[in-house]
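Note sheet for the following structure.
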Amino acid sequence: QVQLVESGGGLVQAGGSLRLSCVASGRTFSSYTMGWFRQAPGKEREFVGGINWTGGSTRYADSVKGRFTISRDNAKNTVYLQMNSLKPEDTAVYFCAAKRTISVNYIPHDYDYWGQGTQVTVSS
């Protein structure tokens, strides 16, 4: 069992930056592929980006490529999402998720554990 707790959300102006953190419980964090998803009101949950267990492979949605960066620190059981050049359309609840299998994919159903989410609001 893995428990995930996100933090770092808040209100920021367009063009600003935020860094989200997701801390995982358990001793096997380093074996999990981690993903970040987001969900805006009235919309489906969508993939933002993911990172494999070593941190050597990442994948991003086209909408955030070049602006967002995912990293992880396995010694701290933490995965990060650095968000730069934020836009109002980035406003959503952001979730981190963990999956046992090694592929970094974009399908929410493939992820086994989820955090409770953290709100990110970008004002214009």
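It should be emphasised that the depicted structure is a prediction, and the values quoted were computed from it without experimental measurement.
- Side-chain atoms of Thr78 never come within 3.5 Å of backbone atoms of Asp73 as a donor-acceptor pair (strictly under, hydrogens ignored).
- Checked by atom type and distance alone, the side chain of Thr121 never pairs as donor or acceptor with a backbone atom of Thr91 at under 3.5 Å.
- Atom CD1 in Ile102 sits 9.5 Å away from atom OG in Ser57 (nearest 0.5 Å).
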**OP:** Kindly indicate, with the supporting measurements, whether the criterion side-chain contact (heavy atoms from CB on, under 4.5 Å) is fulfilled by Arg72 and Met34.
**Re:** CA-CA 9 Å; Arg72 67 190 295 163; Met34 300 299 296; 3.7 Å; yes
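- To the nearest 0.5 Å, the span separating CZ on Arg38 from SG on Cys96 amounts to 15.5 Å.
- Under 3.5 Å, the side chains of Lys99 and Ser103 contain a donor-acceptor pair of N or O atoms.
- Atom CD of Glu46 is surrounded by more than 12 heavy atoms from other residues, nucleotides or ligands within 6.0 Å.
- In the hydrophobic clustering, Phe37 connects to Phe47, Val93, Phe95, Tyr106, Ile107, Tyr111, Trp114, either directly or through intervening members, whenever side-chain heavy atoms lie under 4.5 Å apart.
- At distances below 3.5 Å, at least one donor-acceptor pair connects side-chain atoms of Glu6 with backbone N or O atoms of Gly117.
- Looking at every heavy atom in both residues, Leu4 comes nearest to Ala24 through CD2-CB, 3.5 Å.
- Considering Lys76, Met83, Gln82 as possible partners of Tyr80, the one that fulfils the side chain to side chain contact (heavy atoms under 4.5 Å, CB included) test is Lys76.
- Listed for the Arg59 side chain is no donor-acceptor partner under 3.5 Å among the backbone atoms of Gly49.
- Considering every non-hydrogen atom in both Gln39 and Lys43, the closest pair reads NE2-O, 3.1 Å.
- Not a single donor-acceptor pair under 3.5 Å links the side chain of Asn77 to the backbone N or O of Ser25.
- A continuous path of hydrophobic side-chain contacts links Val64 to Leu81 [ILVMFWY only; heavy atoms under 4.5 Å].
- Put simply, the side chain of Tyr60 gets close to the backbone of Ile70: a donor and an acceptor are under 3.5 Å apart.
- Using a cut-off of 4.0 Å between Lys/Arg side-chain N and Asp/Glu carboxylate O, Lys87 and Asp90 are scored as not salt-bridged.
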Side-chain donor-acceptor pairs under 3.5 Å in residues 9-23, sequence neighbours left out?
unit_1, atom_1, unit_2, atom_2, d
Ser17, OG, Asn84, OD1, 2.9

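- Between the side chains of Tyr113 and Arg100, at least one donor N or O lies within less than 3.5 Å of an accepting N or O.
- Checking side-chain atoms of Asn74 against main-chain N and O of Trp53 turns up a donor-acceptor pair under 3.5 Å.
- Hydrophobic cluster of Val5: no remaining members, since no ILVMFWY side chain lies below 4.5 Å from it.
- Smallest separation of non-hydrogen atoms from Phe68 and Val48: CD2-CG1, 3.6 Å.
- Around atom NZ of Lys65, more than 12 heavy atoms belonging to other residues, nucleotides or ligands sit under 6.0 Å away.
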Subject >> Test log, rule side-chain contact (heavy atoms from CB on, under 4.5 Å), inputs Ile51 and Trp36 >> reply: CA-CA 9 Å; Ile51 188 167; Trp36 283 98; over 6 Å; no
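- Residues Val2 and Tyr32 are in side-chain contact: their nearest non-hydrogen atoms beyond the backbone lie under 4.5 Å apart.
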